[in-house]
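All values derive from a computational prediction rather than experimental measurement. All residue numbers refer to positions in the sequence shown, counting from 1.
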Amino acid sequence: MQATALIPQLETLRTHLTAPHLETLPTTAEEAAAYDPPARPFNADADLLLEQLPYAIGAAQTAIVDLLTRSQSLLDSGRAQLGGGPMILIHTSEERDPLAWAVDAYFTAARRAQNAVIPYLSIGLKKSIPSSLAKVAGKIAKGETVTDPELDQLVVEYWQASGSRVKDYRNLAEHHAIISSDVRIVPSVTGEPLLVLFLPNNPESKNARDLRFSDPMVHAVPFVIATFVDLLAFVSRVCDAMIAKLGGTTRRWRVMSWNFRGGLSIGTGAVLYGHP
């Protein structure tokens, strides 16, 4: 299941912002039975901005699935190698790197999703808003009202919970260091294999030599999952607030639209391009 299915209001809000001038729906059962939602003009320019958020959420989810799949594969092989004994398996960089790539991909996509929330705010509120959620949070911290008090509070709560940390890890990975530790498989007290994969606990550092992986330890897999849940909750709360501000949750639309990237020619004489 796609993670965006957990946030149906995201598609509702996207539709609302790309199909303006909506009428009030019927309020009685008889009116509803006879109601046919009309097609509405489609704002393609807005949709090109709004499509980035569900896309980035999907990319983050894909990275997590890849990380979990590869982690489970190492645990399964480790179970056979440990045989219930007290050994510690230290994996090579060739075995570590695919997990590290998935971690990097997650933070890149999650950071992109953070910023992709902005068009929903700026288009819905008809306000000019900085394109970076980090800049929005920074302005709010200085006492400015960037969106409106309710939405600003949602940004602050998410940013303090984990949003700022996601940005730090993404920037560290993008510009300064490999952020994943070495990979080890160790036995638990019951003999079951455990994955050891840490993130530095000081991602705000810009020097690879200064990164700390203990005291406290930040386990990569649970941290990634927890911050993804925070991101989904943030998007859900923003969508709920925006829908309420734009007229409630009981609207429905039929939008006639299709964005063909790169264009599409059909009919007599049309040339279709592709590759095997």
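- Note on Asp240 versus Arg237: no salt bridge recorded, every NZ/NE/NH1/NH2 to OD/OE distance being 4.0 Å or above.
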Legend entry - Steps toward ring-ring contact (aromatic ring centres under 6.0 Å, His included) verdict (Phe213, Phe198): CA-CA 6 Å; Phe213 290 87; Phe198 297 133; 7.4 Å; no
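- Hydrophobic clustering (ILVMFWY, side-chain heavy atoms < 4.5 Å, transitive): Met242 and Leu154 are in one cluster.
- Under a hydrophobic clustering in which Ile, Leu, Val, Met, Phe, Trp and Tyr are joined whenever their side-chain heavy atoms come within less than 4.5 Å, directly or via other members, Leu13 and Tyr55 fall into different clusters.
- Checking Thr227 against Tyr106 by side-chain atom types alone, a donor-acceptor pair falls below 3.5 Å.
- At distances below 3.5 Å, not a single donor-acceptor pair connects side-chain atoms of Gln2 with backbone N or O atoms of Gly58.
- Side chain to side chain, Asn43 and Thr18 fail the donor-acceptor criterion of an N or O pair below 3.5 Å.
- No donor-acceptor pair under 3.5 Å is formed between the side chain of Asn201 and the backbone N or O of Met217.
- Not one N or O on the side chain of Ser164 forms a donor-acceptor pair closer than 3.5 Å with the backbone of Gln160.
- In this structure Asn171 satisfies the side chain to side chain donor-acceptor pair (under 3.5 Å) test with no other residue, sequence neighbours excluded.
- In the hydrophobic clustering of this structure, Ile225 does not group with Val65; members are Ile, Leu, Val, Met, Phe, Trp, Tyr whose side-chain heavy atoms approach within less than 4.5 Å, directly or through other members.
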Legend entry - Full working for side chain to side chain contact (heavy atoms under 4.5 Å, CB included) between Ser71 and Leu99: CA-CA 7 Å; Ser71 298; Leu99 275 74; 3.7 Å; yes
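- Formation of a donor-acceptor pair under 3.5 Å by the Asn202 side chain with backbone atoms of Asp210 is found in this model.
- In the displayed structure, Lys127 atom NZ is contacted under 6.0 Å by more than 12 heavy atoms of other residues, nucleotides or ligands.
- In the hydrophobic cluster analysis, where Ile, Leu, Val, Met, Phe, Trp and Tyr join through side-chain heavy atoms closer than 4.5 angstrom, Met1 is grouped together with Leu67.
- Under the 3.5 Å distance criterion, the side-chain polar atoms of Ser188 are matched with a main-chain donor or acceptor of Glu192.
- Between Ser236 and Gln9, the side chains place a donor N or O and an acceptor N or O closer than 3.5 Å (distance only, hydrogens not considered).
- Residue Ala134 comes nearest to Arg111 through the heavy atom pair CB-NH2, 3.6 Å, listed as atom of the first residue, atom of the second, then distance.
- Considering only residues two or more places apart in sequence or on other chains, Glu150 meets the side chain to side chain donor-acceptor pair (under 3.5 Å) condition with Lys245.
- Between Arg14 and Asp47 there is a salt bridge, since at least one side-chain N of the basic residue sits less than 4.0 Å from a carboxylate O of the acidic one.
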Inset, instruction - Carefully, step by step, assess Gln72 and Leu68 under the rule side chain to side chain contact (heavy atoms under 4.5 Å, CB included). - result: CA-CA 6 Å; Gln72 189 60 53; Leu68 293 176; over 6 Å; no
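- Under the ring-ring contact (aromatic ring centres under 6.0 Å, His included) rule, Phe234 has a single partner from Tyr120, Tyr158, Phe228, which is Tyr158.
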Legend entry - Steps toward side chain to side chain contact (heavy atoms under 4.5 Å, CB included) verdict (Leu197, Ser181): CA-CA 6 Å; Leu197 177 64; Ser181 70; 4.1 Å; yes
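- Note on Leu133 and Val156: same hydrophobic cluster, where clusters join Ile, Leu, Val, Met, Phe, Trp and Tyr whose side-chain heavy atoms are under 4.5 Å apart, directly or indirectly.
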Legend entry - Trace of the side chain to side chain contact (heavy atoms under 4.5 Å, CB included) decision for Val235 with Thr4: CA-CA 10 Å; Val235 171; Thr4 49; over 6 Å; no
